[in-house]
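In listed order, ligands and their atoms are each counted from 1. Since the model is a prediction, treat every value here as computed from it, not as a measurement.
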Amino acid sequence: MPDDDRSPSLDTRAVHEGALSPRPFGAVSTPVFQTANFEYHGEEYHDVGYLRLSNSPNHAVLHRRIASLEGSEDALVTGSGMAAISSALLTFLGAGDHLLVQDVVYGGTANMLEHDLPRWGINHTKIDPQDPASWEGAMTPSTRLVYVETLTNPLVQMADLEAVVEFARANGLISMIDNTFASPVLCRPAELGFDLVMESCTKYMNGHNDLVAGSVAGSAEQVRRIKLTLDHLGGSIDPHACVLLERGLKTIGLRVRRQSANALELARFLEGRPEIEEVHYPGLASHAQHDRASRLLDGGFGGMMAFVHGGGGEEADAFASRLELPTVAASLGGVESLIIRPAAAIHSGLPPEARAEMGINEGLMRFSTGVEAAEDLIADFAQAL
Ligand code: PLP
């Protein structure tokens, strides 16, 4: 750690913050505490040492490290991104409550809002994230919360995040944000004033496509309340996955900055190709929220992009099958480049009109940039086109 007044940078904290001290048996990396339960010392129920209650030493290290990376007072690690999102929403919303939600959000979240929460009396209204003047009209006397994503899937749009915070404060709403596509390397919404920041740690936080996990960060009081809900719903993470996630987190700065640099080079290359009709990447001057992204993102514009193959769905699939480096697969954020055609895969459950409304046409491809050499990715795209 630096010995002057500077606080350690994100990269340093990603390696060291919250590590067990003293190191058990001098271990340099955190050992896996593979035990379901711990000796009882008179704790009350939620603090009894038991894995479902997310209180093993492996959990504690991640809670401190993730809170530090997000710039929040506390954090909770969960068994998946959806466990973090559902536990947080169900902590602060009950029967009769209403929330405002950005018009395009991750499919799992959208399905839960559409199909599960209404059965428990929790309803929502979609808002246009680019039009703050319209939000007031969507409020009801029961509105408690506003929910957005830092960068959307698959078109990497960026909401007016500063206006969301201001609106939430002015109206006494809890502000929640899913920061998965950006990761705390590029954006720390808590610093912008968001109350709760969720990550699907399956993606950039872990970064190796080898586990499913999630996190939520916020004030100590809010995180404690969410933990009580998680304790009852059971979406905890096991210690082996904790250790893998801790290992992945150590390189998050290196990975995300490399992925961002690769993505920018590739996006520029694609913009110059006649076969490609549109490129959606916040690092390009042509992106509708490029100025906002330049102001609110740190150190790059992320590894996610979308582009439209002019030949339509069939040509786009043929192009993807000719790529040698990226794998055709869902999920994102890992060191391996992945490509998927949303209309055929992750958004295939939606009717074509709903997809069109979201800007997802047949030839649209989503690309998750890995850490391979940019020149190799570009050469591969060139041969496949
Ligand atoms: N949020 C976003 C933006 C996602 O892309 C995903 C998964 O793809 C999730 C949340 C859900 O995360 P998990 O699959 O870890 O539950």
Side-chain angles (χ1 to χ4, degrees), residues 54 62 66 70 75-90 101-117 129 147-159 161 176-187 189 194 196-217 226 230 233-238 241-242 244-245 248-249 252 256 259 280 282 297 302-306 327-334 336 338-342 345-350 358 360 364 366-369:
S54 302
L62 284 172
I66 293 171
E70 300 283 16
L76 176 68
V77 65
T78 60
S80 69
M82 283 310 300
I85 294 167
S86 55
S87 302
L89 289 176
L90 291 171
V101 181
Q102 179 170 0
D103 51 7
V104 176
V105 289
Y106 166 64
T109 309
N111 278 327
M112 182 180 59
L113 289 164
E114 205 64 51
H115 303 295
D116 297 324
L117 295 192
Y147 185 99
V148 295
E149 296 181 353
T150 312
L151 294 167
T152 61
N153 176 25
L155 294 180
V156 273
Q157 303 279 308
M158 190 176 216
L161 301 182
M176 279 200 195
I177 185 164
D178 179 338
N179 195 44
T180 299
F181 269 41
S183 91
V185 176
L186 303 182
C187 188
F194 276 90
L196 292 169
V197 182
M198 270 92 63
E199 309 276 350
S200 164
C201 296
T202 314
K203 314 300 191 299
Y204 290 101
M205 297 288 270
N206 179 57
H208 292 76
N209 286 317
D210 56 9
L211 61 81
V212 172
S215 65
V216 53
I226 298 167
L230 186 79
L233 295 181
S236 52
I237 182 172
D238 98 322
C242 284
L244 287 177
L245 175 55
L249 270 175
I252 191 170
V256 171
Q259 286 163 311
H280 301 267
L297 300 181
M304 296 306 298
M305 73 173 81
T327 305
V328 177
S331 201
L332 57 111
E336 302 89 356
L338 303 179
I339 191 161
I340 193 96
R341 187 162 71 82
I346 48 182
H347 290 90
S348 60
L350 294 174
M358 293 167 70
I360 299 170
L364 185 85
R366 185 186 79 178
F367 187 65
S368 169
T369 318

K.L.:
I'd like to check which ligand 1 atoms, numbered from 1 as shown, lie under 4.0 Å from a non-hydrogen atom of S80.
P.N.:
15 (O), 16 (O)

K.L.:
Look only at the side chain of N179 and the backbone of A182, and say whether a donor-acceptor pair between them is shorter than 3.5 Å.
P.N.:
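Not at all, since once roles are kept as given, no pair shorter than 3.5 Å links the two residues.
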
K.L.:
Testing the basics here: between L211 and T202, what is the closest heavy-atom pair and its distance to 0.1 Å?
P.N.:
O-CG2, 3.2 Å

K.L.:
Which protein heavy atom lies closest to atom 16 (O) of ligand 1, and at what distance to 0.1 Å?
P.N.:
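Atom 16 (O) of ligand 1 sits closest to the protein heavy atom M82 N, 2.8 Å.
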
K.L.:
What residue and heavy atom of the protein are closest to atom 12 (O) of ligand 1, and at what distance?
P.N.:
S200 OG, 3.0 Å

K.L.:
Quick one: does T180's side chain have a donor or acceptor within less than 3.5 Å of a partner on S200's backbone?
P.N.:
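Checked: pair present.
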
K.L.:
Please confirm whether G81 comes within less than 3.5 Å of ligand 1 when only nitrogen or oxygen atoms on both sides are compared.
P.N.:
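Between G81 and ligand 1, an N or O pair is found under 3.5 Å apart.
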
K.L.:
With heavy-atom distances below 4.0 Å as the criterion, list the atoms of ligand 1 near Y106.
P.N.:
1 (N), 2 (C), 3 (C), 4 (C), 5 (O), 6 (C), 7 (C), 8 (O), 9 (C), 10 (C), 11 (C)

K.L.:
Below 4.0 Å from ligand 1: does a non-hydrogen atom of A213 turn up there or not?
P.N.:
yes

K.L.:
Between A88 and M198, what is the shortest heavy-atom contact and its length?
P.N.:
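For A88 and M198, the tightest heavy-atom pair comes out as CB-SD, 4.2 Å.
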
K.L.:
If you take the nearest heavy atom of each of L151, D178, N206, which one is closest to atom 10 (C) of ligand 1?
P.N.:
D178

K.L.:
Enumerate the atoms of ligand 1 whose separation from the nearest heavy atom of K203 is less than 4.0 angstrom.
P.N.:
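Those qualifying, in numeric order: 6 (C), 7 (C), 8 (O), 12 (O), 14 (O).
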
K.L.:
Working to the nearest 0.5 Å, report the span between CG of L113 and OH of Y106.
P.N.:
12.5 Å

K.L.:
Where do S331 and L338 come nearest, in terms of heavy atoms and distance?
P.N.:
O-CD1, 3.6 Å

K.L.:
I'd like to check which ligand 1 atoms, numbered from 1 as shown, lie under 4.0 Å from a non-hydrogen atom of T202.
P.N.:
13 (P), 15 (O)

K.L.:
Report yes if some heavy atom in the side chain of L186 is under 4.5 Å from a heavy atom in the side chain of F181; otherwise report no.
P.N.:
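Not touching, per the 4.5 Å side-chain cut-off.
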
